[in-house]
Amino acid sequence: MDSLWSKNTVLPEFEPLREDLKTDVLIIGGGMAGVLCAAFLEKEGVDYRLAEADRICGGTTCRTTAKISAQHGLIYQTLLDRWGEELAGMYLHANLAAVERYRQWSRGLDCGFSDQDSYLYSRSAQGKLEREIRALEKLGYRADFADSLGLPFSVVGAVRFPDQAQFHPLRFVAGILPGLRIYEKTRVVSIDGKEAITDRGKKIVAQKMIFATHFPIVNTHGFYFMKMYQQRSYVIALQNAQTVKGMFLDEALGGYSFRNADGLLLLGGAGHRTGKDDGGWQELRSFAGKYYPKAREVCCWAAQDCMTLDKIPYIGRYAGRKREWYVATGFQKWGMTSSMVAAQLLTDQVLGRENPDAPVFAPGRRMEKRQLAQNAIEAVSDWMHVSQKRCPHMGCALKWNAAEHSWDCPCHGSRFDAGGKLLENPAVRDL
Ligand SMILES: Cc1cc2nc3c(=O)[nH]c(=O)nc-3n(C[C@H](O)[C@H](O)[C@H](O)COP(=O)(O)OP(=O)(O)OC[C@H]3O[C@@H](n4cnc5c(N)ncnc54)[C@H](O)[C@@H]3O)c2cc1C
């Protein structure tokens with residue numbers, strides 16, 4: 001299903017890898033994270049190659065809503081409580097720097113970049129918003145309280161981050177692609193030490209590897225299958241709906257997001273764990289029918305993102321024993337800034353430089369046993385579900401997704417079309 005972005009932008013094509021190859025750094029996966037890593041390594045003069053299973057940015061990146069913001073829900077109070085001021089400050093600093101870097105890189109690119117204020121609104125919990133503002137104050141950042149938002153329903157207020165941004169993600173990528181060393185239609189199907197094997201049986205020998213595959217594809221290290229799951233969300237693009245001044249998100253679970261693009265209103269939300277039945281376009285349509293009765297739907301799409309158990313992405317060394325492997329995942333639906341953070345951080349690590357913000361994103365950080373147990377219970381109960389279709393990733397029972405005609409894995413989020421063709425990883429082969 002085409003998003004607004006893929007409907008009107010075709011990216012240049014790259015050849016598949018047709019012979020064995022040696023390189024210093026192999027980037028696996030060409031979404032926003034992989035492409036930005038390639039752009040950074042190119043600038044540093046590093047010998048790298050990027051292998052993309054299908055087309056560049058054909059995964060979650062082309063179905064994003066492309067808000068570029070350091071405001072990631074009510075994250076700062078949570079970070080302060082759990083990790084303290086130093087680590088919370090790193091998260092804020094890295095994401096604000098990412099917004100700024102997009103601003104610089106977008107200059108001169110025809111990518112619809114525009115400065116926007118970002119609002120986290122609430123329909124009932126003013127106290128939570130005030131606490132978030134106080135948490136940000138502690139970190140040295142001035143967010144303010146806004147109460148007049150121009151949304152078509154009542155709110156108790158919002159936390160406003162000034163000078164964030166939005167853009168057209170594929171036009172931005174089109175602007176930075178020239179000169180990058182990329183192979184498309186080149187899926188990595190197995191990895192052994194420094195060797196990656198592609199679906200055409202070609203061997204890539206690399207001193208270092210960056211896993212930018214959205215969900216990491218190797219299970220035997222890092223255990224991402226235990227500490228992450230995927231969540232699907234939906235977007236509809238509306239014509240004749242009221243425009244919004246800024247980018248908006250509800251602080252409450254299950255609330256909606258709003259931004260304008262090309263004269264349309266993008267209404268997003270209605271999410272659920274991949275493989276479950278809640279939410280979906282119908283929920284968004286009934287909301288639109290109530291609040292934008294004159295609007296007409298121009299297009300709709302759905303996508304999923306990787307969710308970590310403590311709300312912080314995993315960016316850094318893949319696993320303690322794999323010093324030469326790096327990972328960028330778990331973006332929590334904030335993958336525009338997180339991809340930029342990842343590209344800077346991983347480039348520094350690949351080049352042996354210290355990155356001051358690395359500790360907060362470290363994939364090897366401590367997880368709470370309660371969170372791990374919750375995710376494990378969910379996965380095991382899905383695994384035990386009776387189904388004739390089993391996921392080749394870890395054997396979990398697949399569920400039929402009637403709205404999108406696909407077989408979806410509730411444990412880790414792999415998806416397959418009705419004929420069994422792989423749509424989304426971590427699986428690396430068809431049913
Ligand atoms: C509905 C929705 C709205 C969102 N809105 C926003 C927003 O407003 N702002 C924001 O910051 N974030 C947003 N996000 C999140 C953001 O879009 C994602 O976090 C980001 O696009 C993920 O980028 P990625 O590069 O990690 O993954 P992807 O874009 O999925 O790229 C991964 C790539 O790896 C390739 N790959 C996978 N396996 C292999 C393999 N074995 N070999 C080779 N290649 C492989 C895939 O083909 C794919 O192209 C949203 C997410 C959703 C679902």
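Start at 1 and go down the list; that is how both ligands and their atoms are numbered.
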Exercise. Which residue supplies the protein heavy atom nearest to atom 21 (O) of ligand 1, what is that atom called, and how far is it?
Worked result: Thr61 OG1, 3.0 Å
Exercise. Starting from atom 37 (C) of ligand 1, which protein heavy atom do you reach first, and at what distance in Å?
Worked result: Asn425 ND2, 3.4 Å
Exercise. Hey, is Ala66 touching ligand 1 through its side chain, its backbone, both or neither, going by heavy atoms under 4.0 Å?
Worked result: backbone
For this session: Say whether Gly58, considering both its backbone and side-chain N or O atoms, lies within less than 3.5 Å of an N or O atom on ligand 1.
Result: no
Exercise. Salt bridge check: are Arg353 and Glu44 linked by an N-O gap of less than 4.0 Å?
Worked result: yes
For this session: Return the residue, atom name and 0.1 Å-rounded distance of the protein heavy atom closest to atom 26 (O) of ligand 1.
Result: Phe331 CE1, 3.5 Å
Problem set entry | Donor-acceptor contact present, side-chain Arg273 to main-chain Pro410, <3.5 Å | yes
Problem set entry | Taking atom 13 (C) of ligand 1 as the reference point, the nearest protein heavy atom with its distance | Lys333 O, 3.0 Å
Exercise. By number and element, which atoms of ligand 1 are closer than 4.0 Å to a non-hydrogen atom of Ala33?
Worked result: 25 (O)
For this session: Would you check if there is a donor-acceptor pair between the side chains of Asp417 and Ser406 at a distance under 3.5 Å?
Result: no
Problem set entry | Protein contact to atom 5 (N) of ligand 1 [nearest heavy atom, distance to 0.1 Å] | Thr65 OG1, 2.8 Å
Problem set entry | Ligand-side contact atoms (ligand 1) for residue partner Ile28, heavy atom cut-off under 4.0 Å | 42 (N), 43 (C)
Exercise. Out of Asp305, Val235, Val188, whose heavy atom sits nearest atom 41 (N) of ligand 1?
Worked result: Val188
For this session: Around atom 30 (O) of ligand 1, find the nearest protein heavy atom and jot down its residue, atom name and distance.
Result: Thr60 N, 3.0 Å
Problem set entry | Within the 6.0 Å centroid threshold, strictly below: Tyr102 and Phe113 | no
Problem set entry | Those atoms of ligand 1 less than 4.0 Å from some heavy atom in Ala51 | 43 (C), 44 (N)
Exercise. Does Lys276 NZ have over 12 foreign heavy atoms under 6.0 Å away?
Worked result: yes
For this session: Over 60° means perpendicular and under 30° means parallel, so classify the ring planes of Phe215 and His412, tilted if in between.
Result: perpendicular
Seminar exercise, completed: Any heavy atom of Arg232 under 4.0 Å from ligand 1? The part involved is neither
Seminar exercise, completed: Closest to atom 34 (O) of ligand 1 among protein heavy atoms sits Gly29 CA, 3.3 Å
Exercise. Going by distance only, is there an N or O of Gln231 that falls short of 3.5 Å from an N or O of ligand 1?
Worked result: no
For this session: Return yes when atom CD of Gln104 has more than 12 non-hydrogen atoms of other residues, nucleotides or ligands closer than 6.0 Å, and no otherwise.
Result: yes
Exercise. So, Lys203 versus Thr198: side-chain donor-acceptor pair below 3.5 Å or not?
Worked result: no
Exercise. Taking only heavy atoms of Trp334, which atoms of ligand 1 are found under 4.0 Å from at least one of them?
Worked result: 9 (N), 10 (C), 11 (O), 12 (N), 15 (C)
Exercise. Which atoms of ligand 1 sit under 4.0 Å from any heavy atom of Gln304?
Worked result: 53 (C)
For this session: Give the numbers and elements of all ligand 1 atoms closer than 4.0 Å to a heavy atom of Met336.
Result: 9 (N), 10 (C), 11 (O), 12 (N), 16 (C), 17 (O), 21 (O)
For this session: Check the surroundings of atom CZ in Arg82: do more than 12 heavy atoms from other residues, nucleotides or ligands lie under 6.0 Å from it?
Result: yes
Seminar exercise, completed: Within 4.0 Å of some non-hydrogen atom of Ala303, the atoms of ligand 1 are 53 (C)
Seminar exercise, completed: Honestly, for Ile56 the part within reach of ligand 1 (heavy atoms, under 4.0 Å) is neither
For this session: Indicate the ring-plane relationship of Phe223 and Phe225, choosing parallel, tilted or perpendicular according to the 30° and 60° boundaries.
Result: perpendicular
Exercise. Is the number of heavy atoms from other residues, nucleotides or ligands within 6.0 Å of NZ (Lys311) greater than 12?
Worked result: no
Exercise. Taking atom 39 (C) of ligand 1 as the point of reference, which of Asp54, Leu266, Thr213, Val35 owns the nearest heavy atom?
Worked result: Thr213
Problem set entry | Ile217, portion touching ligand 1 at heavy-atom distance under 4.0 Å | side chain
Exercise. Could Arg187 and Glu52 be called an ion pair, given the rule that one side-chain N must be under 4.0 Å from one carboxylate O?
Worked result: no
Exercise. Taking NZ, NE, NH1 and NH2 as the nitrogens, is one of them in Asp144 or Arg160 under 4.0 Å from a carboxylate oxygen of the other?
Worked result: yes
For this session: Mark yes or no for whether Gln71, through its side chain, and Val159, through its backbone, hold a donor-acceptor pair below 3.5 Å.
Result: yes
Problem set entry | Donor-acceptor pair between Ser6 and Ser3 side chains, under 3.5 angstrom | yes
Problem set entry | Short side-chain donor-acceptor distance under 3.5 Å, His272 and Ser233 | no
Problem set entry | Gly268 near ligand 1 by a heavy-atom separation under 4.0 Å | no
Problem set entry | Under 4.0 Å to a heavy atom of Gly30 - the qualifying atoms of ligand 1, by number | 33 (C), 34 (O)
Problem set entry | For atom 45 (C) of ligand 1, the option (of Ala53, Ala212, Cys57, Gly330) bearing the nearest heavy atom | Ala53
Problem set entry | Heavy-atom nearest option to atom 7 (C) of ligand 1, drawn from Gln230, Lys67, Arg429 | Lys67
Exercise. Which heavy atom of the protein is the closest neighbour of atom 47 (O) of ligand 1, given with residue, atom name and distance?
Worked result: Glu52 OE2, 2.6 Å
Exercise. Hey, does Thr186 come in under 3.5 Å of ligand 1, counting only N/O atoms on both sides?
Worked result: no
